K.L.:
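Let me give you the structure first, and then I'll get to my questions.
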Amino acid sequence: SVLIVICLCVALTVEYTTMGALYQSVTGQSPLYVILTTATLTNVYTGIGGLKASLFTDQVQGILSVILISVVAFFLAFNFDLSPATSTLPDNLAVNSIGLSSFIVMPISLTAATIYSESFWQKVWSGESQSAVKKGGILATVWVTLAIFFIGFTGFLASWNGYYLDDPNLAFFAIFQGSGSSYNAPG
């Protein structure tokens, strides 16, 4: 149980740090107040509403994620020039041992993180039947895999087109910076 608590603390730290980095990159202000406010509100609604509140917010986040991915997909389809900014790809985007090792490292780390994640076990515990848990698990695996691939691929596109990626946690959002020569603002 101590290992699970440590893993959850690391996961929360990563989530809050990434959220704070995104806030700071958009506003230029310190992320401390946003992180503390989010942490406080999350603990309050989870403490008051328990599992039902957590499941409800997970559903809301899922719906908002689908909307965000759909909007970004349409943006990329109609407003993003896929021709690279340079004639040759940089060495870090070529096939190399680091990239190939990620085919082994990423699935292992994501599987381990999922097993220690409270949300995985929360869904199993709250499922109405074993059949529903299996169906939900299969559907979630497919959709989450596709979403993660798409979000990761947008970071690759941003790097490929020469956008500045100062924080790898924000690679998905770099596609909107407009700092590269291939950015076409609507209007």
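This is a predicted model, so every value here is computed, not measured. All values below were derived from every heavy atom in this structure, side-chain atoms included, with hydrogens, water molecules and symmetry-related copies excluded.
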K.L.:
Is there a donor-acceptor pair closer than 3.5 Å between any side-chain N or O of Ser25 and the backbone N or O of Leu22?
P.N.:
yes

K.L.:
For the atom pair OG1 (Thr38) and CE (Met19), what is the distance rounded to the nearest 0.5 Å?
P.N.:
3.5 Å

K.L.:
Less than 4.5 Å apart, any side-chain heavy atom of Leu36 and any of Tyr16?
P.N.:
no

K.L.:
Please check if atom CZ in Phe150 has more than 12 non-hydrogen atoms from other residues, nucleotides or ligands closer than 6.0 Å.
P.N.:
yes

K.L.:
For Thr57, which residues count as a side chain to side chain donor-acceptor pair (under 3.5 Å) partner, sequence neighbours excluded?
P.N.:
Tyr45

K.L.:
I'd like to know if the side chain of Thr46 and the backbone of Asn43 have a donor-acceptor N/O pair within less than 3.5 Å.
P.N.:
no

K.L.:
Looking at Val144, Leu146, Thr145, which one forms a side chain to side chain contact (heavy atoms under 4.5 Å, CB included) with Val142?
P.N.:
Leu146

K.L.:
Partners of Gln29 by side chain to side chain donor-acceptor pair (under 3.5 Å), sequence neighbours excluded?
P.N.:
Tyr23

K.L.:
Determine whether Leu68 and Phe75 fall in the same hydrophobic cluster, where Ile, Leu, Val, Met, Phe, Trp and Tyr are linked whenever their side-chain heavy atoms lie under 4.5 Å apart.
P.N.:
yes

K.L.:
For Phe153 and Phe156, I'd like to know if the aromatic rings sit close, meaning centre-to-centre distance below 6.0 Å.
P.N.:
yes

K.L.:
Give me the one residue out of Val34, Thr40, Leu41 that meets side chain to side chain contact (heavy atoms under 4.5 Å, CB included) with Thr37.
P.N.:
Leu41

K.L.:
Can you list the steps and then say if Val72 with Phe172 is a side chain to side chain contact (heavy atoms under 4.5 Å, CB included)?
P.N.:
CA-CA 10 Å; Val72 172; Phe172 172 72; 3.6 Å; yes

K.L.:
Rounded to the nearest 0.5 Å, how far does OG1 of Thr42 lie from CG of Leu12?
P.N.:
8.5 Å

K.L.:
Hey, what do you get for CD1 (Ile69) to CG (Leu64), rounding to the nearest 0.5 Å?
P.N.:
11.0 Å

K.L.:
Could you report the tightest heavy-atom contact between Pro31 and Gly20, atom names first, then the distance?
P.N.:
CB-O, 3.2 Å

K.L.:
Kindly check if the number of other-residue, nucleotide or ligand heavy atoms within 6.0 Å of CG (Leu139) is above 12?
P.N.:
yes

